[in-house]
Asker: 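Mind looking over this structure? Questions follow.
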2 protein chains.
Amino acid sequence: MARKTGSHADTTRPRVRAAALQLIAQHGFAAVSMRQIAAKVGVQAGALYNYTPDKQTLLFDLLHSHMDELLTARAAAVRQGPACQQLEGFIRFHIRWHLPRGDQVFVSYMELRNLTPENFAQIEQLRRTYEDELEAILRLGVAEAVFVVVDTKITTLALIAMLTGMNNWYRESGRLPLALIEEIYVDLARRAVGVASD
Amino acid sequence: MARKTGSHADTTRPRVRAAALQLIAQHGFAAVSMRQIAAKVGVQAGALYNYTPDKQTLLFDLLHSHMDELLTARAAAVRQGPACQQLEGFIRFHIRWHLPRGDQVFVSYMELRNLTPENFAQIEQLRRTYEDELEAILRLGVAEAVFVVVDTKITTLALIAMLTGMNNWYRESGRLPLALIEEIYVDLARRAVGVASD
DNA sequence: GTCTATATGAGGATAGAC
DNA sequence: GTCTATCCTCATATAGAC
């Protein structure tokens, strides 16, 4: 496992990212040192600078990749049919994509304030794009007269918060199976937009 | 009269807490130095140690006070009547107590991982106590057969996440008046537990 | 690409004067 | 209670050998 020198860029780069992500999720960006990350990867601190110009860029790359992957996955999902069906699809997509990515989701949410203003603005725009996906569905449902929603923006934010909050407590070893939890959240979302459950 | 040195414990202590809270909310606990806090208070770093044995204890005190104040306020609120009325009361209480305390709420949520395990356990217990307040209402509603809820614990967590998420976007200068937002959330909560809105 | 060594600065915390 | 001065540790980032 421990080789002393040589070319390992292809394997080391993802390992740097993985180590950084895990440590930042556990301790927070500001509390994690480049030395800690290097130690987890198994290299010296100086070697990290082959993969990132500085610590800030490392954080930005992690968050940017996260949002890119999320939006790419969402774009690949089915987004057709009546609003009620699309809403259910969005909820299930969100849960299935976010729950297995605890560290990424946590870091992407908690470390926003450690981005420089320029980097923050970029990430925030991507986040907004994702939220707009849900709001568009709510608007569609209102237009179809199947959703009863006072304000689509507020309801969107409330639903997103509800969904994202799952990552704070969900554990695979928990009391309820994921399938049931998913059903509960689909039901909560349907109720939130004023659609009777089936 | 403006003295440069002397006894200012009564005024300095709350100023230390206020400065720490604001800086931590803005930059994060690990990123804030004792020197920064001292500068904001207008004293030298060493003087802070008259008010806290160390930085960790300062954070713990902030979070502990926050939870104490929350639970005290909640205990003083009306908690009688049918479940439907109690639910509405809880939602309004939560919003009215949390929204004006942006920094405290943010710090209390974001800095949990920077507590020592012992300190974390204490805060977590207080948080649980608060959540149990809401779950008790849901259980009551189910017992009264006016709420239709698959799982009271999950629904409790979903509602709390929805409510706490408000702090992330609500601004006094925002698009909608607080009174309307409150109505929307009361309505969302009612729908979540399966009660038709009025 | 990784190493060792280091420049340069900031961090938490303490001691002792006033 | 606050100040100044300082100890000691640790941080990010860079330079140059291999």
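Convention: sequence-line order gives letters A, B, ...; per-chain numbering from 1.
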Asker: Can you tell me how far C1' of D/dA15 sits from CD of A/Gln44, to the nearest Å?
Answerer: 15 Å
Asker: Give the other cluster members for B/Tyr109, using side-chain heavy-atom distances under 4.5 Å between Ile, Leu, Val, Met, Phe, Trp and Tyr residues; answer none if it is isolated.
Answerer: A/Phe106, A/Tyr109, A/Met110, B/Phe106, B/Met110
Asker: Nearest whole Å is fine: how far is D/dT14 P from A/Asn50 CG?
Answerer: 12 Å
Asker: Closer than 4.0 Å, any side-chain N/O of B/Tyr51 to the OP1 or OP2 of D/dT2?
Answerer: yes
Asker: Whole angstroms only, please: what is the CZ-P distance between A/Arg13 and C/dG1?
Answerer: 8 Å
Asker: Just list the side-chain donor-acceptor pairs under 3.5 Å for residues 20-30 of chain B, sequence neighbours left out, or say none.
Answerer:
none

Asker: Tabulated below should be each protein N or O lying under 3.5 Å from an N or O of nucleotides 8-13 of chain C; please produce it.
Answerer:
from   : atom 1 : to      : atom 2 : distance (Å)
C/dG11 : OP1    : B/Ser33 : OG     : 3.4
C/dG12 : OP1    : B/Val32 : O      : 3.4
C/dG12 : OP1    : B/Met34 : N      : 3.2
C/dG12 : OP1    : B/Lys55 : NZ     : 3.2
C/dG12 : OP2    : B/Met34 : N      : 2.7
C/dG12 : N7     : B/Arg35 : NH1    : 2.9
C/dG12 : O6     : B/Arg35 : NH2    : 3.1
C/dA13 : OP2    : B/Tyr49 : OH     : 3.0
C/dA13 : OP2    : B/Lys55 : N      : 3.0

Asker: Under 4.0 Å between a side-chain N/O of B/Thr12 and OP1 or OP2 of D/dG1, yes or no?
Answerer: no
Asker: Please name the pair of heavy atoms, one in B/Arg17 and one in B/Ser65, separated by the smallest distance, quoted to 0.1 Å.
Answerer: NH2-OG, 2.8 Å
Asker: Just how large is the angle between the end axes of the helix from C/dG1-D/dC18 to C/dC18-D/dG1, five pairs per end, to 10 degrees?
Answerer: 10°
Asker: Who pairs with A/Arg175 by salt bridge (Lys or Arg N to Asp or Glu O under 4.0 Å), at least two apart in sequence or on another chain?
Answerer: B/Asp151
Asker: For residues 99-121 of chain B, which residue pairs pass the salt bridge (Lys or Arg N to Asp or Glu O under 4.0 Å) check, not counting sequence neighbours?
Answerer: A/Glu111-B/Arg113, A/Arg113-B/Glu111
Asker: Which residues pass the side-chain contact (heavy atoms from CB on, under 4.5 Å) test with B/Ala18, sequence neighbours left out?
Answerer: none
Asker: Under the rule for salt bridge (Lys or Arg N to Asp or Glu O under 4.0 Å), what residues qualify as partners of A/Arg74, not counting sequence neighbours?
Answerer: A/Glu133
Asker: Could you pull out every donor-acceptor pair under 3.5 Å between side chains of residues 135-148 of chain B and any protein atom, sequence neighbours left out?
Answerer:
from     : atom 1 : to       : atom 2 : distance (Å)
B/Glu135 : OE2    : B/Arg139 : NH2    : 3.0
B/Glu135 : OE2    : B/Thr152 : OG1    : 2.8
B/Glu135 : OE2    : B/Lys153 : N      : 3.4
B/Glu144 : OE1    : B/Ala83  : N      : 3.2
B/Glu144 : OE2    : B/Ala83  : N      : 3.3

